[in-house]
Amino acid sequence: MLTTILSNYSSFLASAGYFILVLGILVFVHELGHFLLAKKLGVGVITFSLGFGPKLIGRKIGETQYQISAVPLGGYVKLIGEDRGEEVKEEDRARSFSFQPIWKRVLIICAGPFFNMLLALVVYCSIFIIFGVPQDPLPLPPKIGGLQTDFPAEKAGLKKGDMILSINGVSINTWNDLSSIIRKSEGKELFIKVKRNGENLEFHVTPEISKEKNSGRRKTSLCDRDHSSL
């Protein structure tokens, strides 16, 4: 009982840690957008904080206080003259957010979401560069990997390792081609040509028709499952 509780508690802490880490990255990038554009456009930045609440650690560089706060569920950038009714010194008016033209204020506000979208694009592209473009799995070749006892394929003389070349004159390139033709045969005899040890051999096989247990649908097969075994 205690082991289960400790295990669940550890899983919860790990999940919470990952959540805070990812959130911290998103918040940092978002606030960095506001911060960089404000600096670029000549607006003074008083505080750059990762987290809310009381300051845990921090350092003042120039006019800006950089800090990590106690509540790791957000962050903020405090600009000069950002709040309505805030008193701004005469010498700071030119660098006050509220005294900037509207296009500058809009750019500073939009910089946060834009940096988040840029981060998503960078992560997305990095995944493709590192891991490549996802591809469909290679189709299985029509080679018999095993035989089911007392099923039509074994009774007809097919053997493990046989490469199916054609069925009723239709070339077979993948295992899906084979499965498709068998399902469509509706229990009719099939003329199968295979290659075994460099020799082409021919067999007549009649698939079995059975009903699936759960759905009651008819199933046509040479074996008990549609896989690389017959």
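Just so it is clear, the structure is predicted and the values come from calculations on it, not from any experiment. Just so you know, residue 1 is the first one in the sequence shown, and it goes up from there.
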So, [X] side chain and [Y] main chain: donor-acceptor pair closer than 3.5 Å or not?
X: Ser185; Y: Ile182; answer: yes
X: Ser69; Y: Val71; answer: no
X: Ser179; Y: Trp175; answer: yes
X: Asn168; Y: Leu190; answer: no
X: Thr47; Y: Lys78; answer: no
X: Ser180; Y: Asn176; answer: no
X: Asn200; Y: Lys193; answer: no

Heavy-atom count around [X] [atom1] within 6.0 Å, excluding the residue itself: above 12?
X: Glu202; atom1: CD; value: yes
X: Lys40; atom1: NZ; value: no
X: Ile61; atom1: CD1; value: yes
X: Phe19; atom1: CZ; value: no

ILVMFWY cluster, [X] and [Y] together (side-chain gap under 4.5 Å):
X: Val29; Y: Val22; answer: yes
X: Val170; Y: Leu201; answer: yes
X: Tyr76; Y: Ile80; answer: no
X: Leu121; Y: Ile130; answer: no
X: Ile108; Y: Ile46; answer: no

Nearest 0.5 angstrom please: [X] [atom1] to [Y] [atom2], how far?
X: Lys160; Y: Arg196; atom1: NZ; atom2: CZ; value: 13.5 Å
X: Lys195; Y: Lys143; atom1: NZ; atom2: NZ; value: 11.5 Å
X: Ile25; Y: Leu50; atom1: CD1; atom2: CG; value: 10.0 Å
X: Ser166; Y: Leu178; atom1: OG; atom2: CG; value: 11.0 Å
X: Phe115; Y: Glu31; atom1: CZ; atom2: CD; value: 12.0 Å
X: Ser126; Y: Phe131; atom1: OG; atom2: CZ; value: 10.0 Å

Where [X] and [Y] come nearest, the two heavy atoms and their spacing:
X: Arg105; Y: Gln100; result: NE-O, 3.0 Å
X: Ile172; Y: Pro142; result: CG2-CB, 3.6 Å
X: Lys60; Y: Glu63; result: CE-O, 3.7 Å
X: Lys104; Y: Leu41; result: NZ-O, 3.4 Å
X: Phe52; Y: Leu73; result: CE1-O, 3.8 Å
X: Ala38; Y: Leu79; result: CB-CD2, 3.8 Å

Task: Close side-chain approach of Phe114 and Leu37, heavy atoms under 4.5 Å - done: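 No; the side chains remain at least 4.5 Å from each other.
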
Open item on the list: Would you say that Leu119 contacts His30 through its side chain, given a criterion of any heavy-atom pair below 4.5 Å between the two side chains?
Closed with: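 Side-chain contact under 4.5 Å: no.
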
- [ ] Could you tell me how the ring of Phe35 sits relative to the ring of Phe48: parallel (under 30°), tilted (30 to 60°) or perpendicular (over 60°)?
- [x]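 Judged by the thresholds at 30° and 60°, the geometry between Phe35 and Phe48 is perpendicular.
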
Open item on the list: Strictly below 4.0 Å, N to O, side chains only: are Asp162 and Lys159 in salt-bridge contact?
Closed with: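 Salt bridge flag = no for Lys159 with Asp162.
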
